[in-house]
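Here the structure comes first, spelled out in structure tokens, and everything after it is commentary.
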Amino acid sequence: MTLEEDNGPEPGGDDLFAAEYVLGVLAADEREIASRRIDADAAFARLVDAWEAHLSPMAGAYPETEPPIRVKEAIDRQLFVAEPRAGLWSSLAFWRGLAAASVAALAITIAVPYLNPPVEQPRLVASLAADGSDVRYLAVYDAAHREVGLSHVSGERAAGKDFELWMIEGKNAPVSIGVIPAGQTAHMTISPAVQEKLARGAVLAVSLEPAGGSPTGQPTGPVVAAGDLKSI
């Protein structure tokens, strides 16, 4: 995206600029410009609000994860211990034992996350666009759910045509992810083989194909949008 000096994206790109801000894919300088515009430009702020509402159904597909109940119980035991008897607290032996136990507990608390680190699944995003095309998509790849979520920003498919999503890794031939369902949002399941390549940061591309998708297994129509996957 080409930025003007202090005014954000080039004219006509505010809608996509707001969407990229909400997704968190802007570079640091672009994000700073967007933040300033939200405070100073009511129209741009409304675009950001609209995109937050528009993309929320995609986020809703991923439920919040509650920590195990034993974690809360352990915290409660540490924070809300019953008041002990005075005799116990005045005992030097008790304090020495407590100090030793506390050091051991602290060591375990610090060590456990490193001994059993949580496995983080990558979440990647891409802004799909192309020169000379009005087709725009925002894509979110969620490895945990093995799917790509798509939000349709602009551009319509011609009558009797479909948009097809492709993955391109380096100089290898494009691999079809499937025909993109019509609608504002879509979720497309990813095969394990494609999942491994996407996790390494491939390119996503959209081509215009006959209804039902490419008959050859390779793009037959023009590429109307493309973009690199980036970590968030």
Same cluster (ILVMFWY, side-chain, under 4.5 Å), [X] and [Y]:
X      : Y      : value
Phe163 : Met188 : yes
Val125 : Phe17  : yes
Trp166 : Val224 : no
Leu138 : Val22  : yes
Val175 : Val206 : yes

If I compare all heavy atoms of [X] with all of [Y], which pair ends up nearest, and what's the gap?
X      : Y      : answer
Val223 : Ala130 : O-CB, 4.4 Å
Ile38  : Ala45  : O-CB, 3.6 Å
Pro210 : Thr220 : CD-OG1, 3.8 Å
Ser127 : Glu20  : OG-OE2, 2.8 Å

In Å and rounded to the nearest 0.5 Å, what is the [atom1] to [atom2] distance from [X] to [Y]?
X      : Y      : atom1 : atom2 : result
Leu204 : Leu198 : CG    : CG    : 6.0 Å
Ile190 : Arg146 : CD1   : CZ    : 10.5 Å
Glu156 : Lys161 : CD    : NZ    : 16.0 Å
Asp162 : Leu208 : CG    : CG    : 8.5 Å
Leu150 : Tyr141 : CG    : OH    : 13.5 Å

Donor-acceptor check, side chain of [X] to backbone of [Y], threshold 3.5 angstrom: yes or no?
X      : Y      : answer
Arg31  : Tyr21  : yes
Asn172 : Glu169 : yes
Gln184 : Ser151 : no
Trp51  : Asp15  : yes
His152 : Ser154 : yes

Exercise. Check the side chains of Glu209 and Ser207 for a donor-acceptor pair under 3.5 angstrom, ignoring hydrogens and angles.
Key: yes
Quiz item: Side chains of Glu164 and Ser214: donor-acceptor distance under 3.5 Å anywhere?
Solution: no
Quiz item: Is there side-chain contact between Ile33 and Arg36, with heavy atoms separated by less than 4.5 Å?
Solution: yes
Quiz item: Considering only heavy atoms from C-beta outward, does the side chain of Leu165 approach that of Val179 to under 4.5 Å?
Solution: no
Practice problem: Test Val203 against Leu229 for side chain to side chain contact (heavy atoms under 4.5 Å, CB included), laying out the working first. | Solution: CA-CA 6 Å; Val203 172; Leu229 285 165; over 6 Å; no
Quiz item: So, Asp14 and Arg37, do they make that salt bridge, N to O below 4.0 Å?
Solution: yes
Quiz item: Is the number of heavy atoms from other residues, nucleotides or ligands under 6.0 Å of Arg157 CZ greater than 12?
Solution: yes
